[in-house]
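Okay, so here's the structure we're looking at.
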There are 2 protein chains.
Amino acid sequence: MTETATVRRSRITPEREAELYTAVLDLLREVGYDALTMDAVAARTRSSKATLYRQWGGKAELVAKAMRFSKPGGFADVDTGSLRGDLHALVGRADDCVIEQNSALMRGLFMVVHTNPELLQAFREFLIDPEMAEFRRMVQRAVDRGEVPADSPAIEYVVHMMLGAFVTRTLLDELPPTQEFALSYIDAVILPALGVRTH
Amino acid sequence: MTETATVRRSRITPEREAELYTAVLDLLREVGYDALTMDAVAARTRSSKATLYRQWGGKAELVAKAMRFSKPGGFADVDTGSLRGDLHALVGRADDCVIEQNSALMRGLFMVVHTNPELLQAFREFLIDPEMAEFRRMVQRAVDRGEVPADSPAIEYVVHMMLGAFVTRTLLDELPPTQEFALSYIDAVILPALGVRTH
């Protein structure tokens, strides 16, 4: 993280940040990305647009960070002692209603990303890259524990597998990506691909 | 297949069908799904609209079948004697240029599918379901040969894995889903998940 980013971040409390992200997510659900304006975010959260721009640079960064915030929990304190435990704990944090809501929002944004390089860039920088790094740390702990062979070729595809499962579930099965599905996919595909023995 | 479908199909030669699908794919690349009209297809292929509607019912079915046609080869005569050989043969039929073209087209159509239930229905019926059935037959042969344990829980996720790899490759890595990537993903993820020993 650059010094500038640290300084920017220090100007706002975590509670206020959460409040702003929640407002952004509400607006995204109400009007979609294209119609969402910084004016509307400022009005809804009673902030000045200057503050929003100082803190987030622009709409793409604000939306990418709000999406990252929308994922319940995050990885920070997940460390159960086994890779299966860690992955199940990640999934277990979100109830199905939240998963379905976020997944609908994400599908909508994927369409925008496709034609909006600025949003794609923000998604990569503030959502995809940090999440891939978290997965890499989680898998590295499993390698260090001897659960996953260090040379397992599936290691570089963990995020492809996770994200691919969510994306294709809706299309192939016309079903929402529920907890039950995610847990089943982890046990059926991800752990065996990595070479983890589960029974 | 219903009797009606058989009758409809018999009215046109395979060469003529290929010509029509090629024209539809060209038009899709030129103007996109929403702007593509049956009039334009009729003009481009020197057919009557009545013939097009009799043969394909409508735009959604015509586009779904053209997309299925666009996949080089298909499964029909792939049977190498091993699952790895079969999957590699499927991938090996398309050169990277064709893969990239089809993948760009498919990404565009995924966006439309998201908001167009008629196209989603046609995709399911004429593209996804037939392809899932082909994969199931291919995997069943591997089960029958004793390559894949009959109770491998990854069997029901083969298409999720394949499709998920293609979809996420572009987003996560900003790279086209090349042959090399597909072959690597098959060996790193799909075969180990299914329990196939590859070395």
Side-chain angles (χ1 to χ4, degrees), chain A residues 32 104 106-115 117 120-121 123-124 127-129 131-132 135 148-149 151-175 177 181-199, chain B residues 32 104 106-115 117 120-121 123-124 127-129 131-132 135 148-149 151-175 177 181-199:
Chain A
M106 194 59 98
R107 282 196 302 275
L109 287 172
F110 275 153
M111 303 203 306
V112 180
V113 158
H114 188 62
T115 51
L120 175 60
Q121 175 53 32
F123 261 53
R124 290 201 60 79
L127 189 64
I128 296 174
D129 288 350
E131 211 150 280
M132 288 180 87
F135 270 110
V148 172
D151 62 350
S152 167
I155 288 177
E156 63 176 303
Y157 296 133
V158 172
V159 183
H160 296 79
M161 291 190 270
M162 288 289 285
L163 183 61
F166 276 84
V167 172
T168 53
R169 176 63 163 179
T170 320
L171 187 66
L172 296 177
D173 308 317
E174 289 181 279
L175 291 171
F181 165 73
L183 298 176
S184 154
Y185 199 86
I186 288 166
D187 289 346
V189 171
I190 299 180
L191 297 173
L194 287 166
V196 177
R197 305 244 168 256
T198 49
H199 38 224
Chain B
M106 194 58 98
R107 281 197 301 277
L109 288 172
F110 275 153
M111 304 204 304
V112 180
V113 158
H114 188 62
T115 52
L120 175 60
Q121 175 55 32
F123 262 53
R124 290 201 61 80
L127 188 64
I128 297 175
D129 288 350
E131 211 151 280
M132 288 181 85
F135 270 110
V148 172
D151 62 351
S152 168
I155 288 177
E156 63 176 304
Y157 296 132
V158 171
V159 183
H160 296 79
M161 292 189 271
M162 290 289 284
L163 182 61
F166 276 84
V167 172
T168 54
R169 176 63 164 179
T170 320
L171 187 66
L172 295 178
D173 309 316
E174 289 182 279
L175 291 171
F181 166 73
L183 298 176
S184 155
Y185 199 86
I186 287 167
D187 289 347
V189 171
I190 298 181
L191 297 173
L194 287 167
V196 177
R197 305 245 168 253
T198 48
H199 36 225

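By convention in this document, chain letters (A, B, ...) are assigned in the order of the sequence lines, proteins followed by strands, and residues within each chain are numbered from 1.
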Region of A:L194 that comes under 4.5 Å of a non-hydrogen atom in chain B
neither

Using non-hydrogen atoms and a 4.5 Å limit, figure out which bit of B:V167 sits close to chain A: side chain, backbone, both or neither.
side chain

Side chain, backbone, both or neither of A:L163 within contact of chain B (heavy atoms, under 4.5 Å):
both

What part of A:S152 gets closer than 4.5 Å to chain B, counting heavy atoms only: side chain, backbone, both or neither?
neither

Could you label the plane-to-plane angle of the A:F181 and B:Y157 rings as parallel, tilted or perpendicular, counting under 30° as parallel and over 60° as perpendicular?
perpendicular

A:A188 to B:A154 - nearest heavy-atom pair and separation
O-CB, 3.4 Å

Between A:Y185 and chain B, which part of the residue has a heavy atom less than 4.5 Å away: side chain, backbone, both or neither?
both

Grab the two heavy atoms, one from B:T168 and one from A:G164, that are nearest each other, plus how far apart they are.
CG2-N, 3.5 Å

So which part of A:V159 gets closer than 4.5 Å to some heavy atom of chain B, the side chain, the backbone, both or neither?
both

